[in-house]
Amino acid sequence: MSPPSGTDPMKLVQDHLGKAVVRVGITQYPVGIGITDKSQVTADVFDACNNIKIGTALFARVYKIVTKWYGAPVPEAFTDAIEAYQTGYFDGEYVFMAEDTGESVELGVPDRSVSEEGAMETESEIAGSDPKNELRQQLWAQDPNKVDIGIDLSGIGDFNRE
């Protein structure tokens, strides 16, 4: 949700710190974690590159906590880490304030032979059954600028307006 026209986003964030969870930017980074004074909030959280950097670092920390809880990098750990990042809670604990042990965890890596075969079969099945895809490929061969959108990303903007 974007702030009302003419409203300073920084002031809006500072006014709501301590009263509500304030999430900003592409990663919906929860501003105010560990901050005791609203003057500590800087405009860096609104910069797209920096927002991705700090949001990714926070997600990595959440993933590490969840993976450690599972004891191994299982697929459920990634799904639970996403949910924990969205809600702020994992196993009844506020995950953003949980202690970082500094230990590294192994990332879950899918079995390439299974995933690549499955992905290739799925892609070829989809390509063969979608008449729009055939037209898209023909237009691409003629002029890439005439191809319509292959993936509809229009809904993304509804959640990340600054």
Side-chain angles (χ1 to χ4, degrees), residues 1-2 9-10 12-14 16-130 132-133 136-137 149-162:
M1 184 169 136
S2 61
M10 181 60 118
L12 190 65
V13 167
Q14 289 176 336
H16 288 87
L17 281 178
K19 301 174 193 167
V21 175
V22 182
R23 292 181 175 255
V24 297
I26 294 169
T27 64
Q28 290 296 285
Y29 181 80
V31 178
I33 298 171
I35 292 179
T36 55
D37 181 10
K38 66 181 182 180
S39 66
Q40 292 174 300
V41 177
T42 64
D44 287 348
V45 295
F46 296 99
D47 175 68
C49 292
N50 195 46
N51 186 275
I52 290 171
K53 179 182 172 184
I54 62 176
T56 302
L58 182 60
F59 178 77
R61 185 172 160 209
V62 170
Y63 178 73
K64 185 179 359 176
I65 291 166
V66 173
T67 302
K68 186 176 179 185
W69 184 87
Y70 273 98
V74 295
E76 297 84 19
F78 186 75
T79 305
D80 284 352
I82 291 172
E83 185 176 333
Y85 187 89
Q86 290 172 338
T87 65
Y89 289 89
F90 177 72
D91 196 31
E93 187 177 336
Y94 189 61
V95 74
F96 298 134
M97 296 303 287
E99 187 177 332
D100 186 358
T101 62
E103 299 173 23
S104 63
V105 295
E106 186 178 320
L107 296 176
V109 180
D111 181 1
R112 288 196 170 279
S113 62
V114 173
S115 63
E116 285 180 3
E117 287 174 9
M120 287 171 35
E121 290 172 8
T122 304
E123 288 173 14
S124 63
E125 288 171 9
I126 290 171
S129 65
D130 184 6
K132 255 186 125 173
N133 192 42
R136 193 174 287 125
Q137 289 175 349
I149 271 183
I151 300 172
D152 183 9
L153 300 176
S154 61
I156 290 175
D158 295 339
F159 299 104
N160 290 322
R161 297 196 192 270
E162 292 182 355

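For clarity, every value in this text was computed on a predicted model and none was experimentally measured.
- For the atom pair CD (Glu76) and OG1 (Thr67), the distance works out to 11.0 Å, reported to the nearest 0.5 Å.
- The number of heavy atoms from other shown groups lying within 6.0 Å of CD (Glu83) does not exceed 12.
- Between atom CG of residue Asp44 and atom CG of residue Asn51 there is a gap of 10.5 Å, rounded to the nearest 0.5 Å.
- Exactly one of Tyr63, Phe96, Trp69 qualifies for a ring-ring contact (aromatic ring centres under 6.0 Å, His included) with Phe90. That residue is Trp69.
- In terms of heavy-atom proximity, Ala81 sits nearest to Val66 at CA-CG2, 3.9 Å.
- Under the 4.5 Å side-chain criterion, counting only non-hydrogen atoms from C-beta, Val41 is in contact with Met10.
- Rounding to the nearest 0.5 angstrom, the gap separating the CD1 atom in Ile54 from the CG atom in Asp47 is 9.5 Å.
- Minimum heavy-atom separation, Ala98 to Ile65: CB-CD1, 3.8 Å.
- Within the 4.5 Å cutoff, the side chain of Val24 has no heavy atoms near those of the Pro30 side chain.
- For the pair Thr27 and Gly55, the tightest heavy-atom approach, listed with the atom from each and the gap, is OG1-CA, 3.6 Å.
- For Phe78 and Phe59, the gap between ring centers is short of 6.0 Å.
- Taking 4.5 Å as the limit, every side-chain heavy atom of Val95 sits out of range of all side-chain heavy atoms of Tyr89.
- Seen from the ring of Phe46, Arg23 does not count as a face-on cation partner, given the 6.0 Å and 45° thresholds.
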